[in-house]
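The structure is given below, and queries will be raised subsequently.
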Amino acid sequence: MALWRAYQRALAAHPWKVQVLTAGSLMGVGDIISQQLVERRGLQEHQRSRTLTMVLLGCGFVGPVVGGWYKVLDRFIPGTTKVDALKKMLLDQGGFAPCFLGCFLPLVGALNGLPAQDNWAKLQRDYPDALITNYYLWPAVQLANFYLIPLHYRLAVVQCVAVIWNSYLSWKAHQP
């Protein structure tokens, strides 16, 4: 409980910084889970640079983009009724999610040094599966998030759920 109260105080004092650092930290945790539990690399074979890349992506891309999107969405569709939450979820999943994945996957490829042609081929191969998998998880999560969670906590809630999603994305993005 003390940790939660400290997080709330930090979030109140520095909302943007805390949201970005939360996103980066949980992207890193997702990559560690991917490497250790999904890929079973072991500590000796753990790719620290890959984890660092995912942390930097969380801080420099995921946190700012998703956090900014939630602010825009809340201004565009103010309110917290069930209908408002449904509208937000539909915009989020129908417009934002496809664009976000279409940017995220090639960004990881570029940061991993993939040549443009290989990165494009990887995007064409991985994007449909990633988007379909997205739709298994995120509509229900986002509906609850938009209906039950105040705006300043939404990124943190999503990133906590996203530890599993980040593990999947890290695994998917790092497949040869």
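Note that these values count all heavy atoms, side chains included, but never hydrogens, waters or copies made by symmetry.
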- request: Enter the distance from Ile164:CD1 to Leu37:CG here, rounded to the nearest 0.5 Å.
  value: 9.0 Å

- line: Of all heavy-atom pairs linking Asn134 and Ala97, the shortest is ND2-CB, 3.8 Å

Main-chain N/O of Pro98 paired with Tyr127 side-chain donor or acceptor, under 3.5 Å: yes

- prompt: Hey, mind stepping through Leu86 and Phe146 against side chain to side chain contact (heavy atoms under 4.5 Å, CB included) and telling me if it holds?
  reply: CA-CA 8 Å; Leu86 181 62; Phe146 294 134; over 6 Å; no

field: Backbone N/O of Val163 and side chain of Tyr168: donor-acceptor pair under 3.5 Å
entry: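 Absent.
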
- prompt: Are Val65 and Trp16 connected in a single hydrophobic cluster, I mean Ile/Leu/Val/Met/Phe/Trp/Tyr linked by side-chain heavy atoms less than 4.5 Å apart?
  reply: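 In one cluster: no.
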
message: Can you tell me how the ring of Trp165 sits relative to the ring of Trp138, calling it parallel under 30°, perpendicular over 60° and tilted otherwise?
response: perpendicular

- request: Mark yes or no for whether Asn112, through its side chain, and Val108, through its backbone, hold a donor-acceptor pair below 3.5 Å.
  value: yes

message: Classify the ring geometry of Trp4 against Tyr7: parallel below 30°, tilted from 30° to 60°, perpendicular beyond 60°.
response: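 Trp4 and Tyr7: parallel rings.
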
- request: Look at the side chain of Arg154 and the backbone N and O of Tyr70, then say whether any donor-acceptor pair between them is shorter than 3.5 Å.
  value: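 No, because the side chain of Arg154 does not come within donor-acceptor range (under 3.5 Å) of the backbone of Tyr70.
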
message: Checking Gln19 against Val66 for the side chain to side chain contact (heavy atoms under 4.5 Å, CB included) test, could you report, in this order, the C-alpha distance in whole Å, the side-chain angles of both residues, the deciding distance, and whether it holds?
response: CA-CA 10 Å; Gln19 288 180 354; Val66 175; over 6 Å; no

message: Using modelled atom types and a 3.5 Å cut-off, is there a donor and acceptor pairing between side-chain atoms of Ser34 and backbone atoms of Gly30?
response: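 No; judged by distance alone, with no hydrogens or angles, the pair does not exist.
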
message: To the closest 0.5 Å, what do you measure between CD (Gln124) and CG (Leu105)?
response: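 That separation rounds to 12.5 Å.
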
query: Any side-chain heavy-atom pair from Asn145 and Met89 closer than 4.5 angstrom?
result: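 They are not in side-chain contact.
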
- request: Locate the shortest heavy-atom distance separating Leu123 from Pro106; write the atom from each residue and the value.
  value: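 What the structure gives for the nearest pair is CD1-CD, 3.8 Å.
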
Single-linkage hydrophobic cluster, 4.5 Å side-chain cutoff, Ile149 and Ile77 together: no

message: Could you check, using the six-membered ring where one of them is a Trp, whether Phe61 and Phe100 have ring centers closer than 6.0 angstrom?
response: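 Ring-ring flag for Phe61/Phe100: true, centres closer than 6.0 Å.
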
query: When rounded to the nearest 0.5 angstrom, what is the spacing between OG1 in Thr133 and OH in Tyr136?
result: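 One gets 7.0 Å once the value is rounded to the nearest 0.5 Å.
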
message: Distance check, rounded to the nearest 0.5 Å: Thr53 atom OG1 versus Arg48 atom CZ?
response: 13.5 Å

Gly58 versus Met27, closest heavy-atom pair with distance: CA-CG, 3.5 Å

message: Side chains of Leu26 and Cys160, heavy atoms from C-beta outward: is any pair under 4.5 Å?
response: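 Counting from C-beta outward, Leu26 and Cys160 do come under 4.5 Å.
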
- prompt: How far apart are the closest heavy atoms of Val18 and Ala10, and which atoms are they?
  reply: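 Heavy atoms only, the tightest pair is CG2-O, 3.4 Å.
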
query: Is it true that Lys88 and Asp92 have a side-chain N and a carboxylate O under 4.0 angstrom from each other?
result: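 No.
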
task: List the steps and the verdict of salt bridge (Lys or Arg N to Asp or Glu O under 4.0 Å) for Glu45 and Arg40.
output: CA-CA 9 Å; Glu45 298 297 320; Arg40 301 188 185 275; over 6 Å; no

message: Donor-acceptor pair, distance only, cut-off 3.5 Å: does the side chain of Asp31 make one with the backbone of Met54?
response: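 No; judged by distance alone, with no hydrogens or angles, the pair does not exist.
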
